[in-house]
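Bear in mind that the values here come from a model prediction, so they are computed numbers and not experimental data.
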Amino acid sequence: MSTKRAAIFDVDGTLVDTNHLHVVTWWEAFRQGGHRVPMRDIHRAVGLSGDDLIEHLLRKDRDRADDEQFVAAHHALYATYFDRLPALDAAGDLLRALAGRGWTIVLATSASGPELAALRRAIGADDVILGAASADDVADGKPAPDPVQQARELAGVPSERAVFVGDTVWDMKAAVRDGVVPVAVLSGGIPRADLETAGAHAVYGDPADLLERLDSSVFADGE
């Protein structure tokens with residue numbers, strides 16, 4: 001029986017400190033389209049794919065012809081930050097430490113294309129990242145299990161041989177639905193209680209906190 005195990009990571013809010021950049025740029029995209037959406041509501045929706053985020057935040061009887069405009073505006077506004085996206089402390093070190101313990105590292109994110117490339121540059125650990133599964137690659141994004149399942153398939157492991165680390169309720173729900181172990185970080189700004197209610201097996205402050213406590217975490221069994 002194979003001993004291979006996969007450590008699957010969300011990116012925004014989990015490895016890179018970008019959630020509030022998404023909040024501001026989605027807020028502006030909606031404002032340009034004539035919608036006033038509270039930033040607190042946008043924050044709770046970050047982590048969904050663009051189409052799902054719009055569906056979640058705007059009334060269902062909206063003019064769906066505007067959706068493409070919102071997505072395009074968000075992409076354009078967010079792209080202005082691509083050259084200075086801030087990795088969370090020890091994000092790259094955490095991935096390298098896990099790879100050194102024999103874990104296969106895969107990303108599962110709603111980001112894709114130039115945005116995902118910019119995030120990976122910020123993390124600076126491409127030498128240990130096998131690949132990435134994005135919402136664009138699957139029929140349904142998180143909280144559906146599809147992105148986590150695809151990340152597992154990239155790594156070539158069954159659900160019982162994988163751990164998924166994320167920062168949102170959507171991440172935890174996707175992990176639970178796929179059957180992998182859900183681990184949460186607080187660096188995306190979502191309350192601990194919400195993450196635990198959504199299924200988090202353990203909750204850490206940020207990548208640096210998880211790295212410091214790796215030997216007492218679910219990852220300790222990976223060697």
Is any side-chain N of the basic residue among Asp66 and Arg62 closer than 4.0 Å to the acidic one's carboxylate O? no
Exercise: identify the closest heavy-atom pair between Pro147 and Asp140: CD-O, 3.5 Å
Of the non-hydrogen atoms in Ala122 and Val16, which two are nearest, and what is the gap between them? CB-CG1, 4.3 Å
Kindly say whether Gly188 contributes a backbone atom to a donor-acceptor pair with the side chain of Asn19 at under 3.5 angstrom? yes
Answer whether the closest heavy-atom distance between the side chains of Val46 and Ile190 falls below 4.5 Å. no
With a 4.0 Å cut-off, would you call Arg120 and Glu115 a salt bridge? no
So among Thr14, Ile8, Leu119, Ile129, which one has a side chain to side chain contact (heavy atoms under 4.5 Å, CB included) with Leu107? Ile129
Does Asp206 form a side-chain contact (heavy atoms from CB on, under 4.5 Å) with Asp17? I'd like the steps, not just the answer. CA-CA 10 Å; Asp206 54 17; Asp17 192 12; over 6 Å; no
Does any non-hydrogen side-chain atom of Phe219 lie less than 4.5 Å from one of Leu98? yes
How long is the straight-line distance from CG of Leu130 back to OG1 of Thr104, given to the nearest 0.5 Å? 6.5 Å
Mind checking the OG1-NE2 spacing from Thr18 to His22? Nearest 0.5 Å is all I need. 4.5 Å
Can you confirm whether Ser187 sits close enough to Pro207 that some side-chain heavy atom of one is under 4.5 Å from a side-chain heavy atom of the other? yes
Working for ring-ring contact (aromatic ring centres under 6.0 Å, His included), residues Trp27 and His43: CA-CA 10 Å; Trp27 175 84; His43 180 214; over 10 Å; no
Between Leu94 and Phe9, which heavy-atom pair has the shortest distance, and what is it? CD2-CE2, 3.8 Å
Work out which heavy atom in Leu211 is nearest to a heavy atom in Ala97; give both atom names and the distance. CD1-CB, 3.6 Å
Is the shortest side-chain heavy-atom distance between Tyr81 and Thr25 below 4.5 Å? yes
Phe70/His35 aromatic ring centres below 6.0 Å: yes
Say whether, by atom type as modelled, one donor and one acceptor occur between the side chain of Asp178 and the main chain of Val180 under 3.5 angstrom. no
Carefully, step by step, assess Arg213 and Asp209 under the rule side-chain contact (heavy atoms from CB on, under 4.5 Å). CA-CA 6 Å; Arg213 297 197 278 162; Asp209 182 35; 2.9 Å; yes
Is any side-chain heavy atom of Leu57 closer than 4.5 Å to one of Phe30? yes
Nearest 0.5 Å, what's the NZ-NZ distance between Lys173 and Lys142? 14.0 Å
Nearest 0.5 Å, please: how far is CG in Asp12 from OG in Ser110? 6.0 Å
Do Asp10 and Thr168 touch side chain to side chain, with heavy atoms closer than 4.5 Å? no
Please determine whether residues Val181 and Met172 belong to a single hydrophobic cluster, defined as Ile, Leu, Val, Met, Phe, Trp and Tyr linked transitively by side-chain heavy-atom distances below 4.5 Å. no
Would you give the length of the straight line joining atom CG of Asp137 to atom CG of Leu154, rounded to the nearest 0.5 angstrom? 8.5 Å
Do Gln149 and Glu153 make a side-chain contact, defined as non-hydrogen atoms from C-beta onward lying under 4.5 Å apart? yes
Non-hydrogen atoms of Ala6 and Val157 that approach each other most closely: CB-CG2, 3.6 Å
Heavy atoms of other groups near Gln69 CD, more than 12 under 6.0 Å: yes
N/O donor-acceptor pair under 3.5 Å between Thr197 side chain and Asp194 backbone: no
Are the charged groups of Arg101 and Asp215 less than 4.0 angstrom apart, N to O? yes
Linked, directly or transitively: Trp26 and Leu21 (ILVMFWY side chains, under 4.5 Å): no
Value rounded to 0.5 Å, distance of CG in Asp93 from CG in Leu210: 12.0 Å
Has Arg84 got more than 12 heavy atoms of other residues, nucleotides or ligands less than 6.0 Å from its CZ? yes
Would you say Val11 and Val183 are hydrophobically clustered, going by side-chain heavy atoms of ILVMFWY under 4.5 Å? yes
Can you get from Leu77 to Val71 by hopping between Ile, Leu, Val, Met, Phe, Trp and Tyr side chains that sit under 4.5 Å apart? no
Hey, what's the ring geometry for His74 with Tyr78, parallel, tilted or perpendicular (30° and 60° as the breaks)? parallel
Do the side chains of Val165 and Trp103 join up, straight or via other hydrophobic residues, at under 4.5 Å, putting them in one cluster? yes
Go through Asp171 and Phe164 one step at a time and tell me if the side-chain contact (heavy atoms from CB on, under 4.5 Å) criterion holds. CA-CA 8 Å; Asp171 291 327; Phe164 179 53; 3.6 Å; yes
Do Leu195 and Val185 touch side chain to side chain, with heavy atoms closer than 4.5 Å? no
Pair Arg121 + Asp83, salt bridge at N-O below 4.0 Å: no
Please name the pair of heavy atoms, one in Leu48 and one in Pro143, separated by the smallest distance, quoted to 0.1 Å. CD2-CD, 3.6 Å
Salt bridge (charged side-chain N to carboxylate O under 4.0 Å, His left out) between Glu55 and Arg64, intermediate numbers included: CA-CA 9 Å; Glu55 177 74 20; Arg64 293 172 186 270; 2.9 Å; yes
